[in-house]
Amino acid sequence: MKAFRYIFILLSVLLFSCEDVIVLDLNDGDPRLVIEGYVTDQPGPYTVKISKTAKFYDDNIFPPQSGASVVITDDQGNEDILTEVSTGVYQTSTLQGERGVTYTLSVDYEGQNYTAISKMPEQQILLDSITSEYEENSFFNDEGYYVRAHFNDPAGVANYYRFNVLVNGEVYVFDFDGEEQEDDFFYLWSDKFSDGNLNDYDFPHTLEVGDSVYIEMYNLERSTYDYYRTVADVINGGGVAPSNPLSNFGDTALGYFGAFSITSNYVIVD
Amino acid sequence: MIFRRTLKKMALLCFTIVSIHCYGQQKYTISGAISDASNGEELIGASVLIQELSTGGTTNVYGFFSVTIPQGNYTVVISYIGYQSLTKNIVLDKSITLNIELQPESTTLQEVVVLAEREDVNVQSTQMSVNKLSVKEIETIPVIFGEKDVIKTIQLLPGIKSSEGGGGFFVRGGSADQNLILLDEAPVYNASHLLGFFSVFNSDAIKDLTIYKGHIPAEYGGRASSVLDIKMNDGNSKKLNVSGGIGLISSRLTVEAPIVKDKSSFILSGRRTYLDLFLKASSDPDISKSILYFYDLNAKANYKFSDRDRVFISGYFGRDKFGFGDQFGFDWGNTTTTLRWNHLFNDRLFLNSTALFSDYNYKVEIGGDEGENNGFKIISAIQDVSLKEDFEYYISPTNTFKFGATVAHHKFVPGEFNPDANSNFNSIRLQEKFAWEAAAYISDDMELSEKVKLNAGLRYSWFSQVGPGDIFTYDADGDVSSVKNYGSGEMVKTYSGLEPRVGLTYVLNDQSSVKASYGKNRQYLHLVSNSTSGTPIDLWIPSSNNVKPQIADQYALGYFRNFADNKYESSVEVYYKDMQNQVDYKTGAELVFNENVESQLLFGKGRSYGAEFFLKKNVGDFSGWVSYTLSRTEREFEGVDYGKVYPANWDRTHDLSLVGMYKAGPKWTLSASFVYRTGDAVTYPVGKYEVDGKTVNQYDTRNDNRLPAYHRLDLGATKLIKNSPKYESSISFSVYNAYARKNAFAINFQEDPDNPEKTQAVRIALFSILPSITYNFKFK
C-alpha cells in the first residue's frame, strides 16, 4: 500500500498531476441482481444477501430483493431452504458447513434461476501465530508497530487465502497523509512463490503498544480467490478495460457464492 | 520445402530482372558517396541530377548513389536541401567514381530548413504512407521538459497517434506492439524512458528518421503496422566537435572526432536525467532516499578501408533506475549493437551486411527486512541475435533492384524469481523460450513509362518456436490440457508466408501524382501488457502452438501535390487495414510471471480505415505543417461482449496537429504546436452495487464511452547567444500545455470522501502548464 502511495507522491512531484471532480454523462445499465452468499466451516447460520444495482450518480442505496426462493444443497444429499430474516437477507436453518464438501446455491427470483457452486477446501490450515514488531520509517511503512501472520502452507497444492483484520474489535482506519480511509482492502495471498513453506503475511496497519489485533484467515478455493482478486481490481479502477469480476454465477448475476474454511488468532502488541 | 521453392523462384526472378537490362548501347556508371563537407557525415537522400537527361538518382541510407547512363558529356548537379549545390561537367567514356562533399549553406543553429530530401520526392517516388523528419525539425518543435524527442515528434504526423503518459504509439489503427523500431537496424524492444514520458532516442545522436505507415518496403518485416527506422550519426570525420546542453531535468554531451581524418571517425553521445539529485535535497526521507533517473549512451565508430569498403560499429546502452535506498530497486533498459559492413562489388552493386544484437531486460529487487531473508529479485529479458544481407543493384536511373535475406534468433526469459538464501520463498524460473525467424525478399523500383512507376516487392518470412522446453496446450477454461517436452532446437510450431508489397505511382505532372499501394505484413512476436501503451514489465512472447502470427493487409490510395516550386507539399491518403490474430486478455488475466500466460489471451480481429490530410511548408522564415486524420479502428473478439464489434482503446475519430516554426530575425526562432484529438475509447461504469460491504462499480459493454477530447498547445523559443567559428551557444525556452488544459489521463470512479452515500468521477490530469529551459553549446 505504502509503496504505491510513495510512487504516486513521487510521480505527483514529478508530473504535477492534479485531480478534480467532473460530472460525466454515463450510460445507465439495466438493474442487475447481486447475490452474495457464503458457507464456512464455522457454526451457522449462513446468510445470502440479494440486492440490485443502482445508478452511479444515485445514492448508495442498493434495493434489497424480497421474496426469492433460496436453497443451498451439498454433495452429501443435504438441503437447506433459506428463510428471509429481513428484506433481501436469507438465512440457513440446519446446514453445517464442512471442509471438502461442494455446495450449490440456487436462487429463483422473478422467473429466473441463478446457480453457483463452490467447494470448501478439504484441508484446514491454521493461522499459527501473529507477531508484532516495531519498524522505522521506511519505503514500505511509517514508523510504528506492525503485525505479521504466520502459517504453514501445505506442499504440492495451490492454496489461496484472504485475511480479515480487526484492531481493538473495530475496523481500522488508515490515515493517508491526513486523508482517513476505512480498512476495506482485500488482503489476499496465494502460495505461488512459497508453496509448502512457512508463509508470512505482513499487514500495513500502523499500531501502538496495547492494541489488540484479531485476524481471520480464510482458506479459499481458486474461483473464490479469483473473484476477490478481480473485485479488488475493479475497486482499484479496473485497468485498461474494466469489466465485472469473475463470478461463479457466470454472467447471470453479480456477486459470488463462496465456501471457505476459517481459522483465526490474535495478538496484543507489546 | 516451401521455403526452398520460394527462394528458387526469387532467384529466378532476380536473374530475369537483372538480365533484361544487360543489353543495349554502351553504358557507364557514375557512383560514389555524398557527404557534408563540414563534418564528413554522409547525406541520405541527396540528389544527383544528370541535366541533359533530366534523370538521376538519390543517395541511399548509407550515402551511396549509382547512376548508369549512356556514354556522353554531361552536367551533373549534386544538391541537398540546406547545402550549396555543386555542378560538375564530366566526360563519361568509362565508369567513374564521384565522391562529393557539399558545403552547408549556413551553419547557424537558427536556420529552419526542415526538408531531409529532394524537394519533390514525395510526389515522384513510388513510396507512399511515409514521413521523414529532419533532426532540425525535432530540435525546433517544443516538447515536454524541453527534451527534444523523436517519438513525441512523429506523433504530430498524420496517422500516428500518441498516448499521454505512455511510450507507445499507434499507426493506422495498429496496436503499440505492431511498430518495428530500429536503431541502426537493430530492433528496440522498449523505446520508453520514465514510464513513457521520454523515448530512448537521444536526438543528438540521430542523423535521420523515417516512418513507414503503409507500403512498408520489402526489406523490412516482422511487425504488422509500421517501421520507424532511425539512423545514428557516424561522427565527424573532419575535426573534433563537442556539443551539449544543460536542461531542467537532464544534461547531454556529445563528442565526435576523426580517428584518421576522412577515413575514420567516432561519436559518443550521452544523456542523463538528474531529477534524483533534487530529490536528495528533500528533507522528507521518503523522497531523499529515492532513486529516479535514466541515462542513454550512443556510441559509433566507422572506418573506411577504401571507396569500396567501409565498416561501422554502433551501440546503444540505456537504463532507467528507480528505487528507494536498498529496500526497493527497479531498473530496465535496452542494449543494441550493430556491426555493419558496406561493400561495393562494383559501381552498381552495393551490399550492406549487418550483424545485430538487441537486449531488453528489467530487474526488480526487494531488499526485504533486515536479517529476515525475505527479499527477492525478479528478472526478465528478451534477446535477439541476427544477421542480415541487403543488396542494391542500380540497373539504370529508372530501375533499382534490391534483394536480401535475414535470419534472427530470439531468446525469451519470461521471468526468474530469485529469493534470498533460506527464504520462505521458493526460487522459480519460468521456462525460457526460443525461436528462429528468417526472411528473404526481392523488390524492384522501376519506371514503366514517363508517367507510371512501380515498386514491386515480395518478402517471404518464416518463424519457428523451438525447444528446449515443455509446451502446453490449454482447454477452453485456460487449464493445461496436455504437456509435451521438446528437445533443444526441436521445432515446436512453424509459421511462414508470403508478404507482397506493391506500390504504383501515376505522375500527373511535375507537381502532382496519384499513388496506390498494397502490403501484407506478418508479425511473429507479440507484446503482452496490462496497459495499452506499454510499461517496463511488458512481456514479449513468440508465436507458438497457442498463439498465431498477427497478419495485417493494408490498402492505401493517395493524392500528392506540391505547390509554389515545392515550397508547399500536400497529400491526402485513404487507407483500409485488416488485422488478424490480434491479442487481447481474458477478464482477470494474470500476465505477470505466469508460466501459462498464453492461456490468458484472447484472439480476434481488427480493422482500421481512415483518411489523412497533410499540408507542409518546408522552407522560408515560416515553416511547419497541418495534419488531420479522420479514422476508425475496431476490434472483434469472441471473448469480449460475445463478439460485439467495439472501438479499440486508441480509436480516435479526429486527430489534428498544427506545427509552426518561425525565424524571427537573426537571433530568435519561435515555434508552436497544437494538438486536438477525440478522447480514447474507454469503459465507464453503468451502475454500482454492494458486496462485502464495499461499493463496486458495475460495467457493461467494452469501450462504450469516450474520455473528454484532448487538446494542448506547446510553445518554444530559441535564442542564439553566440555564434563564432569556434563556439556557438543558444538558449531554449519551452512551455508545455501553455493554457493549462486539464486533459484526462484517467478517470477514477470512487466514493465521495465528503459524502459516503455518494460516488463521484474524478479526473486525473498529468501535466498542468510546464515551462522549461535548456542551454545548448557547441565547440567546433
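We name chains A, B, ... by the order of the sequence lines, and we start the count at 1 in each one. Just the heavy atoms: all of them, side chains too, but no hydrogens, waters or symmetry mates, feed the values below.
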Practice problem: Measure the spacing between CD1 of A:Ile235 and OG1 of B:Thr695 and express it to the nearest 0.5 Å. | Solution: 8.5 Å
Quiz item: Quick one: CG on A:Asn199 to CZ on B:Phe425, what's the gap to the nearest 0.5 Å?
Solution: 7.5 Å
Quiz item: Counting distance only, does the side-chain N/O of B:Lys688 pair as donor-acceptor with the main-chain N or O of A:Asp58 below 3.5 Å?
Solution: yes
Quiz item: Counting heavy atoms not belonging to A:Lys52, are there more than 12 under 6.0 Å from its NZ?
Solution: yes
Quiz item: How long is the gap from CG on B:Asn705 to CG on A:Leu24, to the nearest 0.5 Å?
Solution: 8.5 Å
Practice problem: Please flag which part of B:Arg763 lies under 4.5 Å from any non-hydrogen atom of chain A: side chain, backbone, both or neither. | Solution: both
For residues 28-39 of chain A, dump all side-chain donor-acceptor pairs below 3.5 Å to protein atoms at least two apart in sequence or in another chain.
residue: A:Arg32; atom: NH2; partner: A:Asp251; partner atom: O; Å: 2.8
residue: A:Glu36; atom: OE2; partner: B:Asp692; partner atom: N; Å: 2.6

Quiz item: Which answer fits B:Lys758, side chain, backbone, both or neither, if we ask what part of it has an atom under 4.5 Å from a heavy atom of chain A?
Solution: both
Exercise. Mind listing the closest non-hydrogen atom pair of A:Glu19 and B:Val762 along with its distance?
Key: OE1-CG1, 3.6 Å
Quiz item: Using non-hydrogen atoms only, which part of A:Thr230 is less than 4.5 Å away from chain B: side chain, backbone, both, or neither?
Solution: side chain
Quiz item: Within a reach of under 6.0 Å around NZ of B:Lys586, are more than 12 heavy atoms found that belong to other residues, nucleotides or ligands?
Solution: yes
Quiz item: Which residues in residues 150-162 of chain A have a heavy atom less than 4.5 Å from any heavy atom of chain B?
Solution: A:Arg162
Quiz item: Picking from B:Phe417, B:Tyr684, B:Tyr585, which has the most non-hydrogen pairs under 4.5 angstrom with chain A?
Solution: B:Phe417
Self-check item: Partner chain A: residue of B:Thr701, B:Asn748, B:Asn697 with the largest heavy-atom pair count (under 4.5 Å)
Solution: B:Asn697
Quiz item: Which of the residues B:Lys742, B:Glu757, B:Glu690, B:Glu751 is involved in the greatest number of heavy-atom pairs with chain A at under 4.5 angstrom?
Solution: B:Glu757
Quiz item: Quick one: CG on A:Asp25 to CZ on B:Arg706, what's the gap to the nearest 0.5 Å?
Solution: 15.0 Å
Self-check item: Distance-minimising heavy-atom pair for B:Val696 and A:Val234
Solution: CG1-CG1, 3.7 Å
Quiz item: Is there a donor-acceptor contact under 3.5 Å from the side chain of A:Lys192 to the main chain of B:Phe593?
Solution: yes
Quiz item: Are any non-hydrogen side-chain atoms of A:Asn27 and B:Asp700 less than 4.5 angstrom apart?
Solution: no
Quiz item: So, for B:Tyr689 and A:Pro245, which heavy atoms are closest and what is the spacing to 0.1 Å?
Solution: OH-CD, 3.5 Å
Practice problem: Could you tell me how the ring of B:Phe749 sits relative to the ring of A:Phe56: parallel (under 30°), tilted (30 to 60°) or perpendicular (over 60°)? | Solution: perpendicular
Self-check item: Aromatic ring proximity, centroids under 6.0 angstrom, A:Phe193 and B:Phe376
Solution: no
Practice problem: With a 4.5 angstrom heavy-atom cut-off, could you sort out which part of A:Glu182 is near chain B: side chain, backbone, both or neither? | Solution: neither
Quiz item: Does A:Arg222 have any salt bridge (Lys or Arg N to Asp or Glu O under 4.0 Å) partners at least two apart in sequence or in another chain, and if so, which?
Solution: A:Asp226, B:Glu590
Quiz prompt | Inter- and intrachain pairs under side-chain hydrogen bond (donor to acceptor under 3.5 Å, both in side chains), touching residues 233-243 of chain A, at least two apart | solution = A:Ser243-B:Thr587
Exercise. Can you see which heavy atom on B:Tyr699 is nearest to which on A:Gly237, and at what distance?
Key: OH-O, 4.1 Å
Exercise. Mark yes or no for whether A:Arg229, through its side chain, and B:Gly588, through its backbone, hold a donor-acceptor pair below 3.5 Å.
Key: yes
Quiz item: For A:Ile22, is it the side chain, the backbone, both or neither that has a heavy atom under 4.5 Å from a heavy atom of chain B?
Solution: both
Quiz prompt | Value rounded to 0.5 Å, distance of CD in B:Gln698 from CG in A:Leu254 | solution = 5.5 Å
Exercise. For the pair A:Asn60 (side chain) and B:Pro756 (backbone), establish whether a donor and an acceptor sit closer than 3.5 Å, ignoring hydrogens and angles.
Key: yes
Practice problem: Pick one of side chain, backbone, both or neither for B:Tyr642, based on which atoms fall under 4.5 Å of a heavy atom in chain A. | Solution: side chain
Exercise. Scan side-chain atoms only and decide if A:Asp195 and B:Asn426 contain a donor-acceptor pair under the 3.5 Å cut-off.
Key: no
Self-check item: Heavy-atom proximity to chain A below 4.5 Å, by part of B:Asp584
Solution: neither
